[in-house]
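Notes for the one structure printed next.
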Amino acid sequence: MSLTAQTYWAEHALLDTGVEPGVVIETGADGRIKAVRRGAAAPPPGAVTLRGITLPGLANAHSHAFHRALRGATQAGEGTFWTWRDVMYRVADNLTPDNYFALARAAYAEMALAGITSVGEFHYVHHLAGGARYDNPNAMGEALIAAAAEAGIRITLLDTCYLSSGFGAEPNKHQRRFSDGTAERWAERVSALKGDDNTRIGAAIHSVRAVPAEELATVAAWAQEREAPLHLHLSEQTAENDACVEAHGFTPTALLSHHGVLGPRTTAVHATHLTPGDIRLLGHSGTGVCMCPTTERDLADGIGPARALQEAGSPLSLGSDSHAVIDLLEEARAMEMDERLHTRTRGHWTAVQLLRAASADGHAALGWDEAGRIEPGALADFTAVALDTVRTAGPPYVLAAETAVFAASAADVRDTVVGGRHIVRDGTHQLVAHVPAALAESIAAVRG
Ligand SMILES: [Zn+2]
């Protein structure tokens with residue numbers, strides 16, 4: 001990616017000192033922030049103006065891009081997570097490297113329009129329907145990497161090991177294309193994937209259902225050798241907890257701990273139904289937790305103990321997971337609101353703390369430790385939220401972070417800059433011509 005140096009002038013920006021008016025952000029040809037200057041009342045000559053409040057770029061730490069095709073389609077009638085999963089599998093059956101590329105490019109473009117600068121793609125649809133390998137066994141993962149590059153956002157491809165339908169059961173007919181057979185063969189395939197300036201390769205364990213206990217350490221070792229992020233779905237459903245205790249005599253968290261899976265480079269996604277012992281194991285090992293509040297409420301999962309996990313030592317990140325909506329500001333708001341409903345008290349996190357989960361801590365969970373801050377040396381990834389819309393007009397600028405988190409939506413994002421490149425300019429994606437049309441066409445193609 002070739003770049004030229006660029007100067008941006010943010011009307012307001014969220015820096016480590018709080019919300020500051022008139023901030024000059026100089027970006028270099030290396031895609032990093034060169035200098036940050038406060039107190040510039042007007043844009044310097046040649047600077048690009050960013051109206052509203054400029055925030056560090058948002059990190060969507062948990063995504064399954066193809067779930068974007070289910071939006072609106074699973075809301076009629078009764079059901080549970082498990083009935084929703086049946087519908088989701090029917091879409092997974094239809095994916096090819098070409099149609100998945102088109103769908104992911106459109107979904108990632110939607111993310112850029114929502115201020116997201118990095119996505120953690122928890123990717124498990126690896127093989128042909130039925131389970132045979134593509135000629136290029138990483139055709140699907142590479143399609144997702146290419147899709148993120150075309151949409152202008154960074155990706156951490158969390159290539160997911162998925163071997164079993166549940167505690168020893170063979171994969172069912174939908175799940176065969178997820179499986180490499182063994183963790184050893186998973187590791188062989190994933191080792192051929194390459195990162196670049198825009199891409200990091202990480203690992204994932206789909207869940208304790210989908211990876212037999214004796215295979216967990218192979219995946220953990222692969223990630224550890226490469227100092228790569230390792231993600232996993234954890235205790236989203238009580239049925240999974242019950243089956244795990246029955247099969248192994250341990251909760252999922254304890255099982256993962258026994259097999260060396262937990263640690264500061266590991267992120268547990270959901271962590272909804274935990275025992276006090278689970279919370280201690282996660283917190284004391286420094287394992288991160290990714291909450292996906294809009295999906296958890298959509299799927300009627302329950303409310304996870306986010307505050308208790310953070311107090312125990314787990315950094316928190318946020319993800320839009322099933323993409324019922326793609327709005328990291330809403331995820332941040334929802335984490336606080338869920339905690340309020342659960343405890344009937346307010347004020348568990350400040351707006352700035354919630355934005356930290358949506359940005360710096362999310363980036364760290366994805367292996368982009370050098371993103372998520374507007375400061376010299378950091379990756380030049382930031383996004384501007386308008387303060388003059390019907391949702392955001394009125395509060396003084398000193399309350400701009402509160403306004404962004406507690407009142408704005410993705411629709412208020414005006415500009416997104418990734419690696420110094422102006423990807424979204426005044427609400428228009430600069431690389432993908434018509435994002436709604438790209439979504440409509442690619443979704444129609446995979447829904448058949
Ligand atoms: Zn997920």
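In listed order, ligands and their atoms are each counted from 1. Throughout, residue positions are numbered sequentially from 1 according to the sequence presented.
For the pair Arg307 and Trp349, the cation does not sit on the ring face, since its NZ or CZ is not both under 6.0 Å from the ring centre and inside 45° of the axis.
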Expected list for residues 254-266: side-chain donor-acceptor pairs under 3.5 angstrom, two or more places apart:
unit_1 : atom_1 : unit_2 : atom_2 : d
His259 : ND1    : Ala213 : O      : 3.4
Thr266 : OG1    : Val261 : O      : 2.7

When the side chains of residues 215-224 are checked against the rest of the protein, which donor-acceptor pairs come out under 3.5 Å, sequence neighbours left out?
unit_1 : atom_1 : unit_2 : atom_2 : d
Glu215 : OE1    : Ala183 : N      : 3.1
Trp222 : NE1    : Ser191 : OG     : 3.0

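Taking 2.8 Å as the criterion, His64 counts as a coordinating residue of the Zn ion (ligand 1), since one of its N, O or S atoms falls below it. At least one N/O/S atom of His233, from backbone or side chain, sits under 2.8 Å from the Zn ion (ligand 1).
Between Tyr100 and His123, the ring planes lie tilted relative to each other; the angle falls in the 30° to 60° range.
Of all N/O/S atoms in Asp321, OD1 sits nearest the Zn ion (ligand 1).
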